[in-house]
Number of protein chains: 2
Amino acid sequence: MTSDVSPATRAAGAAAATTTRWLDAEEQRAWRAWLYSWMLLDDRLDRELTRETGISHAYYEILVQLSETEGRQLRMSQLAERCLSSRSRLSHAVSRLEERGWVRRQVCPEDGRGQLAVLTDEGFAALEGAAPVHVESVRSHLFDQLSPEQVAAMQDIGETLLRHLNDEA
Amino acid sequence: MTSDVSPATRAAGAAAATTTRWLDAEEQRAWRAWLYSWMLLDDRLDRELTRETGISHAYYEILVQLSETEGRQLRMSQLAERCLSSRSRLSHAVSRLEERGWVRRQVCPEDGRGQLAVLTDEGFAALEGAAPVHVESVRSHLFDQLSPEQVAAMQDIGETLLRHLNDEA
DNA sequence: CGCAGACAGTCAAACGCTCAACCACTCGGA
DNA sequence: TCCGAGTGGTTGAGCGTTTGACTGTCTGCG
């Protein structure tokens, strides 16, 4: 689902946009493979997790982030940042998690503007139940399919891109 | 935004689920880097394209797929498959593209149940305008950041995963 | 002290996606 | 030829996300 340019488009576009640096055939192929494989994998992981535990990948990530901090709590904005989520989105998501009794909101003592999202025991238990399911999905669809060299390359590429994306953001 | 398991979760989860094959520290790191870099890249590409052309990545993909076929038309279900989209989602999306005058629906001559989505000249022109923007994004945020070896590895990994995901689906 | 501006978070409206029900058409067999 | 199952596609309700406006709080400066 994305991006690629047909030869016809290519000729016309190039004229319009002061010599666009089009992708060559190999680059197209690499891009497509990357894009498609990611979309399929992401979809698969999310569906397996949701089907078997009732927790979407997005919720799961929130629970994970909270579980990994001291006191199992975080400021809303910090939580949003770690989840690569907008504040608004996180605010809505936390409201829904609150309804499930998995997270609790609490005024931040140091800053009256802030709210703390606190992981409840029920939330932690839910995470404990979901984690094995998710890990098994990741292992079977990703790590089981790749050689150690491919895994190393994956990490290398990911970290390279991460450096670029974080730097210039 | 996703998935990772804290040490605490790890111990408890393992007990519950008949020896879960947890990720070790290196695997966690690789998975996180991959996941985060993809999420950030995907978001970046979509936003740049949407901001500068008013076309989301999802719509762009539909236009690309149509532009690459003979007659610039496809059966709805084939188009959905190529876009890795559900039929319902595609049907809604095509309706919106129809409102913009970029796609036209037409009954399929060979099968009265089917519908053809046809790319209009306006739609093609919109794609021509958007393509350089999108390609430049992909190049600057992805290919410009990676060595030729990394690009080759990316393709290799993508195709390996794609084989797995398509096979077992 | 008092106020302007920045900041944290929430909320409402518009939009897109998902799921399941649904309609229309085709195909194969009695 | 007629019926029933299967297929192709659409629709609507419900839900989650985005955007931008808004409230309340904090901070720094005159």
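So you know, we letter chains A, B, ... as the sequences are listed, proteins then strands, and number each from 1. Computed over heavy atoms, backbone and side chain alike; hydrogens, waters and symmetry mates excluded.
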Side-chain atoms of B:Gln115 come closest, of C:dC17, D:dT10, C:dG9, to D:dT10
B:Glu98 has an atom CD; how far is it from atom C1' of D:dG9, in whole Å? 13 Å
Could you see if B:Leu84 belongs to whatever hydrophobic cluster contains A:Leu142? Use Ile, Leu, Val, Met, Phe, Trp, Tyr and a side-chain cutoff under 4.5 Å. yes
What's the closest nucleotide to the B:Ala58 side chain, out of C:dC17, D:dT10, D:dT17? C:dC17
Considering every strand and a 4.0 Å limit on heavy-atom distances, what is the contact class for B:Ser77: base, sugar-phosphate, or nothing? sugar-phosphate
Donor-acceptor contact present, side-chain A:Ser67 to main-chain A:Val64, <3.5 Å: yes
Does the side chain of B:Ser86 get closer than 4.0 angstrom to OP1 or OP2 of C:dT18 through an N or O atom? yes
At less than 4.0 Å, is any side-chain N or O atom of B:Arg96 found next to OP1 or OP2 of C:dC17? Yes or no. yes
C:dG9, D:dT10, C:dG16: which one has an atom nearest the side-chain heavy atoms of B:Tyr59? C:dG16
Just the rounded figure in Å: distance from P of D:dT18 to CG of A:Leu84. 12 Å
Without decimals, in angstroms, what is the distance between A:Leu90 CG and C:dA8 P? 14 Å
Can the positive tip of B:Arg72 be found less than 6.0 Å from the middle of the six-membered ring of B:Phe124, inside 45° of the ring normal? yes
When you measure from the side chain of A:Ser88, which nucleotide among D:dT18, D:dG9, C:dG16 comes out closest? D:dT18
Taking A:Arg21 for its side chain and B:Arg139 for its backbone only, find out whether a donor-acceptor pair lies under 3.5 Å. no
Residue-phosphate contact under 4.0 Å: B:Arg87 side-chain N/O, D:dG8 OP1/OP2: yes
When you look at A:Gln78 and A:Gln65, which way does the side-chain contact (heavy atoms from CB on, under 4.5 Å) test go after all the steps? CA-CA 10 Å; A:Gln78 287 176 43; A:Gln65 292 298 342; over 6 Å; no
The nucleotide from C:dA8, C:dT18, C:dG16 with an atom nearest the side chain of A:Arg113 is C:dA8
Both B:Gly112 and B:Ala93 contact DNA chain C. Which one's nearest nucleotide lies toward the 5' end? B:Ala93
Without decimals, in angstroms, what is the distance between B:Leu116 CG and D:dG9 C1'? 12 Å
Could you walk me through whether B:Trp34 and A:Trp34 pass the ring pair (Phe, Tyr, Trp, His ring centres under 6.0 Å) test, one step at a time? CA-CA 11 Å; B:Trp34 177 267; A:Trp34 179 266; 4.2 Å; yes
For a quick check of understanding: with a heavy-atom distance under 4.0 Å over all strands, which category does A:Ser56 fall into, base, sugar-phosphate or nothing? nothing
Just how far, in rounded Å, is P of D:dG8 from CD of B:Glu81? 11 Å
Send over the distance from A:Glu110 CD to D:dT25 P, rounded to a whole Å. 16 Å
Confirm from the modelled atom types if A:His92 and C:dG9 form a donor-acceptor pair under 3.5 Å, side chain to base only. no
So, is B:Arg47 near the phosphate of D:dT19, with a side-chain N or O under 4.0 Å from OP1 or OP2? yes
Answer yes or no: does a side-chain N or O of A:Arg89 lie under 4.0 Å from OP1 or OP2 of D:dT19? no
B:Ile62 CD1 to C:dG16 P, in whole Å, measures 11 Å
Specify the separation, in whole Å, of atom CG of A:Asp43 and atom C1' of C:dC17. 12 Å
